[in-house]
There are 2 protein chains.
Amino acid sequence: MAETDTETPRERYRTQVRAEIKERAWEQIATAGASALSLNAVAKQIGMSGPALYRYYASRDELITELIRDAYRSLADTLRSASAAGADLAALAHTIRGWALEDPQRYLLIYGTPVPGYHAPGDITLISSEIMAILLDACAALAQDSPATPFDAHLADHREWANGHPAPPAVLHRALIFWTRIHGVLSLELAGHFTGMGFDPALLFTAELDRLLAH
Amino acid sequence: MAETDTETPRERYRTQVRAEIKERAWEQIATAGASALSLNAVAKQIGMSGPALYRYYASRDELITELIRDAYRSLADTLRSASAAGADLAALAHTIRGWALEDPQRYLLIYGTPVPGYHAPGDITLISSEIMAILLDACAALAQDSPATPFDAHLADHREWANGHPAPPAVLHRALIFWTRIHGVLSLELAGHFTGMGFDPALLFTAELDRLLAH
DNA sequence: ACGTGTTCGTTAGAAGTTATAACCAAGCAG
DNA sequence: CTGCTTGGTTATAACTTCTAACGAACACGT
C-alpha cells in the first residue's frame with residue numbers, strides 16, 4: 001500500500017474522526033431511526049463532548065445528508081458490481097432486496113419519508129441517475145415485446161431523466177415499473193406492514209418479480 | 001339535531017379542545033412533516049401555554065398515534081363510501097391517489113417510515129384490516145383468470161390476514177399486489193422522487209393500474 | 001530551534017424541545 | 001355554601017442543536 005500520500009497527518013486524523021462519527025451515527029439510525037439521531041449522543045460515544053463534533057460537520061442536517069450520500073453510493077456500488085458480474089434484471093432485484101434487508105433504515109433513509117423542504121444536493125441526484133442507468137441497461141438487455149401503451153408515447157417525449165440513454169420508450173417504462181414495484185413491496189415490508197399478516201414477504205417479492213419479467 | 005345529549009358541558013369543551021389540537025397538529029404536519037410536530041407550538045397557536053396540552057394528550061406520541069388513527073379512519077371511510085357508490089378496483093385506486101394527494105403527509109404518516117420500535121395499537125390494525133376487506137371485495141368482484149403461481153399456493157396456507165374473507169388465493173394475491181403497486185408509485189411520487197424527471201406521475205399511475213387490470 | 005498560526009477540543013450559554021410538579025382558579029355537585 | 005374535580009398557570013428538570021469564547025496542541029516557515 002503506497003502513495004496517495006499527499007495527506008498530512010492532520011488530514012488523516014480528520015477523515016478518520018469523520019468516519020467514526022458516521023459509524024456511530026449509523027448505529028444509532030439502525031436502532032432508532034434517522035429522526036432519533038442525536039449529535040450529542042454520537043459525540044459522547046466517541047468520547048468527546050458535544051460541540052466538538054461541529055468541527056467535523058456543520059450541522060445535524062449536513063451529517064444526515066452525508067449519510068444519505070453514502071447510502072446512495074453504497075447502493076450504486078453494489079448494483080454496479082453485481083451488474084459487472086453479469087447479473088440480469090432478476091438478480092439485480094434480489095441484490096437490491098438483500099442490500100435493503102442488510103440495513104432497513106439505510107434503505108428508508110433514501111426512499112422513505114423525506115422532510116417536506118429537503119432538497120438533495122446535486123451530486124446525490126447524480127448518484128441516483130447512475131443507479132437508474134444500471135437499471136436501464138438491465139432492462140434494455142431484456143428483449144421483451146410489450147404492447148405500446150399511451151404512457152410509452154408520453155415517455156418518448158419526456159426522457160430527460162434517462163440522461164441520454166438510448167433505450168426505447170418501452171424500456172424506459174419497464175425500468176420505471178421495475179423501480180416502483182420493487183419499492184412497493186420492499187418499503188411495505190421494511191416498514192413492517194406485513195408483520196403479523198402471516199405470509200412470507202420474500203415469496204411475495206419473487207412472485208411480483210416473476211410477474212414483472214413474464215409480461 | 002337532537003340527543004346524544006348525555007354530554008356535560010365539561011365533556012363538550014374537552015372534545016372540542018382536543019379537536020382543535022389535532023387541527024393545528026395537522027397544519028404543522030402538512031407543512032413540516034410529522035417529525036417536526038411540536039406540542040409547544042401547537043399549544044401557543046391555540047393560545048394556551050405549553051404544558052396545558054398535557055391535560056388532553058398524555059404525550060407527543062399519544063397525539064401522533066391519534067392522528068394516525070384518524071388518518072386510517074379517513075382513508076377507510078373514503079374507500080368504504082366509494083365502494084358503496086359502486087366503485088370498482090380502478091376507481092378505488094384513483095380514490096386512494098386522490099386521498100393521498102389531498103394531504104401527502106397524511107398518507108406518509110400511515111405508510112411512510114415508522115420509528116423502529118413503534119407498534120400500532122390494536123384498534124388501528126383493525127381499521128387497516130377494514131381497508132383490506134374493501135380491497136379484497138373489489139378484487140373478488142373482478143373475474144380474472146391468472147395462472148396459479150407458487151405464491152398462490154403459499155397464500156392458501158397463510159390467509160389469516162384476510163380475516164376470514166372467502167376469496168380464493170388468486171384474489172388474495174391480487175389484492176396484495178394491488179396494494180404494493182399502488183403504494184410503490186404513490187409513495188415515490190409523494191416523496192418527491194419523480195420531481196425533475198420530467199414525466200407525469202399521474203400517467204405512470206394509470207399505466208401501472210392498467211397493467212394490473214389487464215393481466 | 002523558535003515563534004506563529006491554524007486546528008481541535010474544551011466549557012458556557014442561548015433558544016429550543018418534551019414532560020413533571022406544584023399551585024391556583026373556575027366549574028359542578030352534594 | 002362547601003368541597004372535589006378539572007383546566008389552566010408558572011417553575012423546573014433533562015434533553016436537544018448550535019454559537020461563542022477560550023486554551024492547548026500541533027505543523028510550519030524562518
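Proteins get letters first, then strands, A, B, ... in listed order; numbering begins at 1 in each.
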Item to check | Shortest non-hydrogen contact from A/Tyr107 toward A/Ala100 | outcome: CD1-CB, 3.7 Å
Checklist entry - Base, sugar-phosphate alone, or nothing: which one does A/Leu37 contact when heavy atoms must sit under 4.0 Å apart? => result sugar-phosphate
Checklist entry - What is the distance, rounded to the nearest whole Å, between atom CD of B/Glu11 and atom C1' of D/dT5? => result 13 Å
Next on the checklist: Distance check needed: C/dG9 P versus A/Lys44 NZ, whole Å only.
Outcome noted: 17 Å
Item to check | Aromatic B/Trp179 / basic B/Arg174 pairing, under 6.0 angstrom, 45° off normal | outcome: no
Next on the checklist: Going by the rule salt bridge (charged side-chain N to carboxylate O under 4.0 Å, His left out), which residues pair with A/Arg10 if we only count those two or more places apart in sequence or in a different chain?
Outcome noted: none
Item to check | Rounded distance (Å) that lies between atom C1' of D/dC26 and atom CZ of A/Arg12 | outcome: 17 Å
Checklist outcome for this item: For B/Tyr13, the side-chain hydrogen bond (donor to acceptor under 3.5 Å, both in side chains) test, sequence neighbours excluded, returns none
Checklist entry - Listed in order of residue number, which residues of residues 57-71 of chain A have a non-hydrogen atom at under 4.0 Å from DNA chain D? => result A/Ser59, A/Arg60
Next on the checklist: Please compare A/Gly47 and B/Arg55 by the position of their nearest nucleotide in DNA chain C and report the one closer to 5'.
Outcome noted: A/Gly47
Item to check | DNA chain D contacts made by residues 13-25 of chain A, counting heavy atoms under 4.0 Å | outcome: none
Checklist entry - Taking the side chain of B/Ser49 as heavy atoms from C-beta outward, which of C/dA19, D/dT10, D/dT17 is closest to it? => result D/dT10
Checklist entry - What nucleotide, of C/dT18, D/dT19, D/dG7, holds the atom closest to the side chain of A/Pro51? => result D/dT19
Next on the checklist: Within 45 degrees of the ring normal and closer than 6.0 Å to the centroid, is that where the cationic atom of B/Arg18 sits relative to B/Tyr56?
Outcome noted: no
Checklist entry - Is the distance between the ring centroids of A/Phe151 and A/His173 less than 6.0 Å? => result yes
Checklist entry - Any side-chain donor paired with an acceptor under 3.5 Å for B/Asp200 and A/His158? => result no
Checklist entry - If the sugar-phosphate is the primed atoms plus P, OP1 and OP2 and the base is the rest, what is the B/S/- string for nucleotides 25-30 of chain C, using protein heavy atoms under 4.0 Å? => result -BSS--
Only distances under 3.5 Å count here; give the side-chain donor-acceptor pairs of residues 37-54 of chain A to other protein atoms, sequence neighbours excluded, each with its distance to 0.1 Å.
unit_1	atom_1	unit_2	atom_2	d
A/Ser38	OG	A/Asn40	N	3.4
A/Ser38	OG	A/Ala41	N	3.1

Next on the checklist: Quick check: B/His193 with A/Tyr111 (ring centres under 6.0 Å apart)?
Outcome noted: yes
Checklist entry - To the nearest Å, how far apart are B/Ile46 CD1 and D/dT9 P? => result 11 Å
Checklist entry - Whole-Å distance between C/dT20 P and B/Asn40 CG? => result 14 Å
Checklist outcome for this item: Testing C/dA19, D/dT17, D/dT9 for proximity to the side chain of B/Tyr54, the answer is C/dA19
Checklist outcome for this item: Of the listed C/dG9, C/dA19, C/dT17, the closest approach to the B/Leu39 side chain comes from C/dA19
Next on the checklist: Quick test of your reading of the model: are B/Arg73 and B/Asp70 salt-bridged, counting only N-O distances below 4.0 Å?
Outcome noted: no
Item to check | No-hydrogen, no-angle side-chain donor-acceptor test under 3.5 Å, A/Trp161 and A/Ser129 | outcome: no
